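Report on the structure given below.
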Amino acid sequence: MTTQSPHARVVRQASEQGGWELVFGTPDARLREHVHDYCGYRESTPGPVRRRELPAPQVVLIIDFGPPLRIVDPRTGRPLGRHPVGFVAGLDDGYSITETAGSMNGMQVNFTPVGARRFFGMPLHHLARQVVGLESVLGAEGPLLTERLVEAPSWEARFALLDQLLLSRILTAPEASPVIIWTWQRLRASGGQVEIGELARELGFSQKHVIARCGQELGLTPKLLARLIRFDRVIQVLKSGAAESQARLALEQGYFDQAHLIRDFRQFTGGPPGEFLRRRLPALGGTRAD
DNA sequence: TATTGCGATTGTCGAAACTG
DNA sequence: CAGTTTCGACAATCGCAATA
């Protein structure tokens, strides 16, 4: 079931296996360069669910209404930590695994790297390849934010609250440096297909300088970010079901051939594209992790 | 569709040199 | 002296072919 309103799009499903509700919110237009989207979710299942979360060119803020989502180390399968009111996941070039105890309830804000840099007010190498508790990043504001969102009467009210908070924080924070803004915009606009040397020439800085600044401010080197952007497009096409063949998709998105695409795919998801499609979960993104 | 091998090309990073 | 560039070694990615 899907319903529409100016600020929220709701998708719901219920069955004997439990039910879920997913609500997408559109951020205020002034946040366009900073936030991709908002999402609210509520799910209950008969047992624990593990999801494989794929890397993407975004910084994720999770606001947990409880019970808390667990983060599992993909290499060992052991729990990495729990963050009662929520957490931030910085840019990452590897997938991660989340686990629910049978239900989850909360919200997700997907920041652009530049938006996250500005919102969190710290160089993002502090957050890269890490999951950090909300209170460590936002201080006392973290738990307070979660509390206010829980108490809001509707998803729309929650989205409005997020707008308010993000606008007040972002618009009063200093802008990211021009080098970083240009790097991000150029990488994104090209679908991750500019040479880093070319990018540096356009900026009038040495390649070394651009790499260092990008790594410092956004948390990943520009090439890695470019590959992530390219890979993310592939994922979007695969999810939409619009891909004719892998070979075609690879060429369209700037890979040399199918082998090249599959290599990237293995590195970012732990398996080939076919496996991703078979394991894909209908709701809440992610794929089954077992 | 998926995997592997291998040479060529590009990206990254430390050390040294430069500039204001 | 801080910030930056240049140089060069090394690592990672790409390009291409072959094969299951």
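Since the model is a prediction, treat every value here as computed from it, not as a measurement. Letters go in sequence order (proteins before strands), and every chain restarts at 1.
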**Request:** Figure out the NE2/C1' separation between A:His209 and C:dA2, and round it to whole Å.
**Result:** 12 Å

**Asked** Over how many whole Å does the gap from A:Asp257 atom CG to C:dA17 atom P extend?
**Response** 9 Å

**Request:** Could you check whether A:Ile262 gets within reach of a base, just the sugar-phosphate, or nothing at all, counting any heavy atom under 4.0 Å?
**Result:** base

**Item:** Atom-pair distance (CZ on A:Arg213; P on C:dT5), nearest Å
**Value:** 11 Å

**Angle between terminal axes - the helix from B:dT1-C:dA20 to B:dG20-C:dC1, 5 pairs each end, rounded to 10°** = 40°

**Request:** Rounded off to whole Å, could you give me the CZ-to-P distance for the A:Arg201 and C:dT6 pair?
**Result:** 12 Å

**Message:** Is a donor from one side chain sitting under 3.5 angstrom from an acceptor on the other, for A:Tyr38 and A:Asp163?
**Reply:** yes

**Item:** Start and end of chain A contact along DNA chain B [non-hydrogen atoms, under 4.0 Å]
**Value:** B:dT1 to B:dA15

**Request:** With a 4.0 Å heavy-atom cut-off, tell me which residues in residues 174-193 of chain A come close to DNA chain B, sorted by residue number.
**Result:** none

**Message:** Heavy atoms within less than 4.0 Å of DNA chain C: which residues of residues 224-233 of chain A have one? Give them sorted by number.
**Reply:** A:Arg227, A:Arg230

**Message:** Applying a 4.0 Å non-hydrogen cut-off, can you work out what A:Ala212 is touching in the nucleic acid: base, sugar-phosphate, or nothing?
**Reply:** nothing

**Message:** Does anything in residues 264-272 of chain A come within less than 4.0 Å of DNA chain B? Heavy atoms only, and list the residues if so.
**Reply:** A:Arg266, A:Pro272

**Fill in**
So side chain to side chain donor-acceptor pair (under 3.5 Å) across residues 172-184 of chain A, not counting sequence neighbours, yields A:Ser177-A:Arg213

**Item:** Pairs where residues 108-120 of chain A contributes a residue and the test salt bridge (charged side-chain N to carboxylate O under 4.0 Å, His left out) is met, not counting sequence neighbours
**Value:** A:Arg117-A:Glu217

**Prompt:** Can you list, by residue number, the residues of residues 247-255 of chain A that have a non-hydrogen atom closer than 4.0 angstrom to DNA chain B?
**Reply:** none

**Complete:** For residues 200-255 of chain A, the ring pair (Phe, Tyr, Trp, His ring centres under 6.0 Å) pairs (sequence neighbours left out) are A:Phe205-A:His209, A:Phe231-A:Phe265, A:Phe231-A:Phe268, A:Tyr255-A:His260

**Prompt:** Between A:Arg278 and A:Glu275, does at least one N-O distance fall below 4.0 Å, as a salt bridge requires?
**Reply:** no

**Prompt:** For A:Phe205 and C:dT4, what is the distance between atoms CZ and P respectively, to the nearest whole Å?
**Reply:** 6 Å

**Message:** Please classify the nucleic acid contact of A:Gln258 as base, sugar-phosphate, or nothing, using heavy-atom distances under 4.0 Å.
**Reply:** base

**Prompt:** Among pairs that include at least one residue of residues 128-143 of chain A, which meet side chain to side chain donor-acceptor pair (under 3.5 Å), considering only residues two or more places apart or in two chains?
**Reply:** A:Asp93-A:Arg129, A:Glu141-A:Arg169

**Message:** Categorize A:Lys208 for me: base, sugar-phosphate, or nothing, with a 4.0 angstrom heavy-atom threshold over every strand shown.
**Reply:** base

**Complete:** salt bridge (charged side-chain N to carboxylate O under 4.0 Å, His left out) pairs touching residues 229-238 of chain A, sequence neighbours excluded, are A:Arg230-A:Asp264

**Request:** Please collect all salt bridge (charged side-chain N to carboxylate O under 4.0 Å, His left out) contacts where either partner lies in residues 179-188 of chain A, sequence neighbours excluded, each pair once.
**Result:** A:Glu33-A:Arg188, A:Arg186-A:Glu202

**Prompt:** So, A:Arg227 and A:Gln267: side-chain donor and acceptor under 3.5 Å apart, yes or no?
**Reply:** yes

